[in-house]
Amino acid sequence: MKLKRLKRADLPPDSTAMARYLLGKLVVREIEGERLTGRIVETEAYLVGDAACHGFRGPTPRNKALFLERGHAYVYIAYGVSRMLNVAGGSQGAGTGVLIRALEPLAGIAFMQRRRGTERLRELTRGPGRLAQALAIELDLDGTDLCAPGPLWLAEDGAAPPKIGTSIRIGITKDVHRELRFYVRGNPFVSGPRRLNG
DNA sequence: CGGCTGATGATCT
DNA sequence: GATCATCAGCCGG
């Protein structure tokens, strides 16, 4: 089915709603004449007033893209090694957004396998660091408008809305109790321990 | 498969 | 100097 680019007006202004909305949508990466696509199967929302959110203490050189209007990419490096892809949320200056935690690979799988150094499908895009490596998402994409033509954008393909599960977020140490992680129930590409994926 | 641990370096205090 | 929105690899069952 043909891809339709997500419009900014399609994105819910509330980041929790946007995290749910993005499940089942597609990340599209254009690189070296290839088009890589993956379906979003796991997200986490980071909100205004949320101590776990990188925007909590205001803008810095690293997180400034999180303060752009919603639909822009915020890319940063976690633990010195893994790139994390986020979609800025809210209005300009809000400093809130959604972390893309896992994708189901759809197109460009050979490219992803080369990038990841493995043939195994489950290991290509299961987890935020893995998916960024598979799609060659580097810091140069920080601030990219995901609602415009370019190297990285968001799309929908008319798939039916998925069944959504919720849980606490993974890997954080502040505001740990909030149920702001969302995933497609039963999808094998969702990351995290089984107890969170019931 | 589940659980644990060391590596790793950018970022901010 | 501490913190950290992770991962690969190892071990036991």
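Chain A is the first sequence line, chain B the second, and so forth, proteins listed ahead of strands; every chain is numbered from 1. The structure displayed is predicted, hence computed values, not measured ones.
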Ranking Val81(A) and Leu139(A) by the position along DNA chain B of their nearest nucleotide, the one closer to 5' is Val81(A)

### Task
May I ask you to say what Arg83(A) touches in the nucleic acid, namely base, sugar-phosphate or nothing, with a heavy-atom cut-off under 4.0 Å?
nothing

Is any side-chain N of the basic residue among Glu44(A) and Arg169(A) closer than 4.0 Å to the acidic one's carboxylate O? no

**Study point:** Geometric cation-pi criterion, Arg62(A) with Tyr76(A): 6.0 Å, 45°
**Key:** yes

When rounded to whole Å, the CG to P distance for the pair Leu131(A) and dC7(C) reads 8 Å

Closest to the side chain of Arg122(A), out of dA8(C), dA5(C), dC1(B), is dC1(B)

Checking dT13(B), dC4(C), dT11(B) against the side chain of Lys174(A) (C-beta onward), the nearest is dC4(C)

Note to self: Please evaluate residues Lys174(A) and Asp50(A) with respect to the criterion salt bridge (Lys or Arg N to Asp or Glu O under 4.0 Å), reporting the C-alpha separation (whole Å), side-chain torsions for both, the decisive distance (0.1 Å), and the verdict.
What the structure shows: CA-CA 8 Å; Lys174(A) 297 172 220 159; Asp50(A) 169 8; over 6 Å; no

Rounded to whole Å, CD1 of Ile137(A) lies from P of dT6(C) at a distance of 15 Å

Practice prompt. Would you check if Tyr76(A) stacks with the base of dA10(B), given a 5.5 Å centroid limit and a 30° plane limit, both strict?
Written response: no

Atom CZ of Arg101(A) and atom C1' of dC7(C) are separated, to the nearest Å, by 11 Å

Closest to the side chain of Arg62(A), out of dT11(B), dC1(B), dA5(C), is dT11(B)

Which part of the nucleic acid, if any, lies within reach of Arg169(A) when heavy atoms closer than 4.0 Å are counted: base, sugar-phosphate only, or nothing? nothing

Separation of dA5(C) atom P from Arg57(A) atom CZ, nearest Å, is 12 Å

